[in-house]
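Everything on this sheet refers to the single structure shown next.
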Amino acid sequence: MAPKRKYWSAGVTQKSDALDLEHHAFTLRNPRRIALSLKRSAVRSRRRKAGPYQSAMSMLNFYVNRAGKNLPAGRKHVLTQAKTELRRLFGRE
């Protein structure tokens, strides 16, 4: 049996000091729910090094960038909309 392949990016989303993510935050289908989940996680987290907005946006951008070309267009669109929602929730429009 081949050894299990480990991706460093998966470890970052699970154990990052940026914030403690809610389970399956990026698999939600509604951009607003994704943004609300990230905001909740960022505000509650005691491990983040930056402000809540920056930590939440950084984690969302990290996820989109690491998925790269493997991310389906529809999924990428939802995550891009989640960025807009996150800005709105933090009053950064």
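Both backbone and side-chain heavy atoms feed into the values below; hydrogens, waters and symmetry mates do not. Residues: numbered from 1 along the sequence shown.
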Are [X] and [Y] in one and the same hydrophobic cluster, where Ile, Leu, Val, Met, Phe, Trp and Tyr link if side-chain heavy atoms are under 4.5 Å apart?
X	Y	result
Leu36	Met59	no
Leu86	Val78	yes
Met57	Leu89	no

By side-chain hydrogen bond (donor to acceptor under 3.5 Å, both in side chains) - contacts of Ser37 (at least two apart): Glu22
Residue list, side-chain hydrogen bond (donor to acceptor under 3.5 Å, both in side chains) with Asn61, at least two apart or on another chain: Lys83
Residue pairs passing the ring-ring contact (aromatic ring centres under 6.0 Å, His included) test where at least one lies in residues 30-50, sequence neighbours excluded: none
side-chain contact (heavy atoms from CB on, under 4.5 Å) assessment of Leu79 paired with Leu60: CA-CA 8 Å; Leu79 293 171; Leu60 184 53; 4.0 Å; yes
Members besides Val43 in its Ile/Leu/Val/Met/Phe/Trp/Tyr cluster (side-chain heavy atoms under 4.5 Å): none
Heavy-atom donor-acceptor pair, Ser45 side chain to Ala42 backbone, under 3.5 Å: no
Sequence neighbours left out, cut at 3.5 Å: what donor-acceptor pairs do the side chains of residues 67-75 make with other protein atoms?
| residue | atom | partner | partner atom | Å |
| --- | --- | --- | --- | --- |
| Arg75 | NH1 | Leu28 | O | 3.0 |
| Arg75 | NH2 | Phe26 | O | 2.2 |
| Arg75 | NH2 | Leu28 | O | 2.8 |

Rounded to the nearest 0.5 Å, what separates atom [atom1] in [X] from atom [atom2] in [Y]?
X	Y	atom1	atom2	value
Arg33	Arg40	CZ	CZ	8.5 Å
Tyr53	Leu38	OH	CG	11.5 Å
Tyr63	Ile34	OH	CD1	9.0 Å

Counterpart residues, salt bridge (charged side-chain N to carboxylate O under 4.0 Å, His left out), relative to Arg32 (two or more places apart): Glu85
For Pro52 against Arg48, the heavy-atom pair lying closest together: CD-NH1, 3.5 Å
